[in-house]
Amino acid sequence: MRADKVIRAFRDTLPVMTGYVVLGLGFGILMASKGYDAFLVLSEGILIYSGTMQFVLVDMLSGGVTLSACALTALMVSARHLFYGLSMIERYHDIHGLKKFYVIYALTDETYSLVCESNDADYCFMVSLFNQSYWLIGTLAGSLVGQILKFDSRGIDFSLTALFVSICVEQWLNTEEHIPALTGLIASVLCLMIFGADNFLIPSMIAITCSLFIFRRKIENV
């Protein structure tokens with residue numbers, strides 16, 4: 001692999017690094033506050049590698065939620081990756097061997113934003129690898145800090161919520177079509193009222209997914 005491709009991938013992923021390390025620190029500290037060790041934190045980052053699902057999983061693990069409920073939640077929370085994957089079929093066509101399996105597995109929101117315009121297999125691979133490395137470094141550091149320094153961790157789990165609120169506000173300000181944002185808001189509020197705070201997540205994700213399919217053509221034509 002040429003050095004210039006590695007350097008380019010590293011340079012392009014620096015903004016992702018700042019976000020992943022900070023969020024990873026928060027996740028690692030939160031896991032440590034629940035009594036989970038660094039090995040489990042690192043294992044989650046390697047095997048699950050989904051910031052949203054990993055934050056959700058913290059309370060699910062400590063609350064004794066069933067494996068089937070965890071699996072269904074993971075499917076709904078990460079359903080957006082189905083659309084990412086479909087759009088990358090042609091771009092990943094020339095990637096072969098284990099690299100192909102890895103870039104498919106490591107396609108996060110931020111990685112997608114960088115590789116969706118590239119047909120360079122080596123670049124896509126290095127972007128994916130750098131981004132996951134940043135997440136692992138952040139989560140491991142947070143876990144170690146959380147075990148060494150004991151402090152009140154309340155509010156740390158809100159960091160991911162704050163990130164998505166910022167993304168939603170940015171999307172609202174920079175797009176003319178507000179159907180996706182309104183769909184998420186309305187579906188979530190309605191499911192919260194109907195199913196309650198402990199059970200609204202999965203129904204709201206199903207409602208959002210179905211609604212976006214219904215309005216897909218209108219959104220794509222904007």
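No hydrogens, no waters, no symmetry mates; every other heavy atom, side chains included, goes into these values.
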Joint hydrophobic cluster, V115 plus L129, side-chain heavy atoms closer than 4.5 Å: yes
Side chain proximity check, C70 to M60, heavy atoms < 4.5 angstrom: yes
Value rounded to 0.5 Å, distance of CZ in F200 from CG in L190: 12.0 Å
Hydrophobic cluster membership, F195 vs V189, 4.5 Å side-chain cutoff: no
Short side-chain donor-acceptor distance under 3.5 Å, W135 and Q54: yes
I46 side, atom CD1; I48 side, atom CD1 - distance, nearest 0.5 Å: 11.0 Å
V58 reachable from V41 in the ILVMFWY side-chain graph, under 4.5 Å edges: yes
Separation between CZ of R8 and OG of S118, rounded to the nearest 0.5 Å: 5.0 Å
Same cluster (ILVMFWY, side-chain, under 4.5 Å), L136 and L140: yes
Taking every non-hydrogen atom, the tightest pair across S50 and S78: OG-OG, 3.8 Å
Minimum heavy-atom distance A32-S143, with the two atoms named: CB-O, 3.8 Å
Minimum-distance pair of heavy atoms, taken over all atoms of F55 and L23: CZ-O, 3.8 Å
Donor-acceptor contact present, side-chain T111 to main-chain L107, <3.5 Å: no
Sub-4.5 Å side-chain heavy-atom contact between E44 and Y36: no
Check: V16 and F130 side chains under 4.5 Å, non-hydrogen atoms: no
Donor on one side chain, acceptor on other, Q132 and S128, under 3.5 Å: no
Candidate list V103, V6, T13, test side chain to side chain contact (heavy atoms under 4.5 Å, CB included), partner M126, passing option: V6
Parallel, tilted or perpendicular: rings of Y105 and Y102 (30°, 60°): tilted
Verify same cluster id: F101, V127 (apolar side-chain graph, 4.5 Å): no
Spacing of CG belonging to L42 relative to CG belonging to L47, to within rounding of 0.5 Å: 9.5 Å
Nearest-0.5 Å distance, OH of residue Y112 to CG of residue N131: 15.0 Å
Contact check, side chains of F27 and L57, non-hydrogen atoms, under 4.5 Å: no
Rounded distance (nearest 0.5 Å) linking atom CG of N119 with atom SG of C124: 7.5 Å
Y92 to K100 - nearest heavy-atom pair and separation: O-CE, 3.5 Å
Atom CG of L14: over 12 foreign heavy atoms under 6.0 Å: yes
Minimum heavy-atom distance between S204 and A187, given as atom pair plus value: CB-O, 4.1 Å
Donor-acceptor under 3.5 Å (D122 side chain, F125 main chain): no
Exercise: identify the closest heavy-atom pair between G184 and I208: CA-CD1, 3.8 Å
Backbone N/O of L185 and side chain of S188: donor-acceptor pair under 3.5 Å: no
D109 side chain near T52 side chain, heavy-atom distance below 4.5 Å: no
